[in-house]
Amino acid sequence: PPAPPGQISSRADVRDALEKIRTFYEKNEPSSPVPLLINRTLNLVDKNFLDIMKDIVPESVDQVKSLGGITDEEEETY
């Protein structure tokens, strides 16, 4: 069943909410860095943990994989 209005229950809802917040800041606070940060966040919404780490801290990926005991073959599941 559909979620009640205003409730976030899916990644699509998250994207919609972030886009509304970004639009608010673009219109009402044009000097704010929030829209830039939201754009970056929107690019991460559908990524798994390792893909996010590759995006934001690429040099840490090998350490994260080692810490978690993640092999190259298992990487796609994280």
**Message:** Ignoring hydrogens, what is the shortest heavy-atom contact between Asp51 and Asn48? Give both atom names and the distance.
**Reply:** N-OD1, 2.8 Å
**Request:** Could you name each residue pair satisfying side-chain hydrogen bond (donor to acceptor under 3.5 Å, both in side chains) that touches residues 54-64, not counting sequence neighbours?
**Result:** Arg40-Asp55, Lys47-Asp55, Lys54-Glu75
**Request:** Would you list the pairs meeting side-chain hydrogen bond (donor to acceptor under 3.5 Å, both in side chains) in which at least one residue belongs to residues 28-39, sequence neighbours left out?
**Result:** Arg22-Asn39
**Request:** Tell me, with the steps shown, if Val57 and Val64 meet side-chain contact (heavy atoms from CB on, under 4.5 Å).
**Result:** CA-CA 10 Å; Val57 194; Val64 170; over 6 Å; no
**Prompt:** Which residues satisfy the side chain to side chain donor-acceptor pair (under 3.5 Å) test with Ser9, sequence neighbours excluded?
**Reply:** Asp13
**Remaining members of the apolar cluster that contains Val14, side-chain heavy atoms under 4.5 Å** = Ile8, Leu18, Ile21, Phe24, Tyr25, Val34, Ile38, Leu42, Val45
**Sequence-distant partners of Asp46, side chain to side chain donor-acceptor pair (under 3.5 Å), two or more places apart** = Arg15
**Item:** Non-neighbouring partners of Ser66 that pass side chain to side chain donor-acceptor pair (under 3.5 Å), sequence neighbours left out
**Value:** none
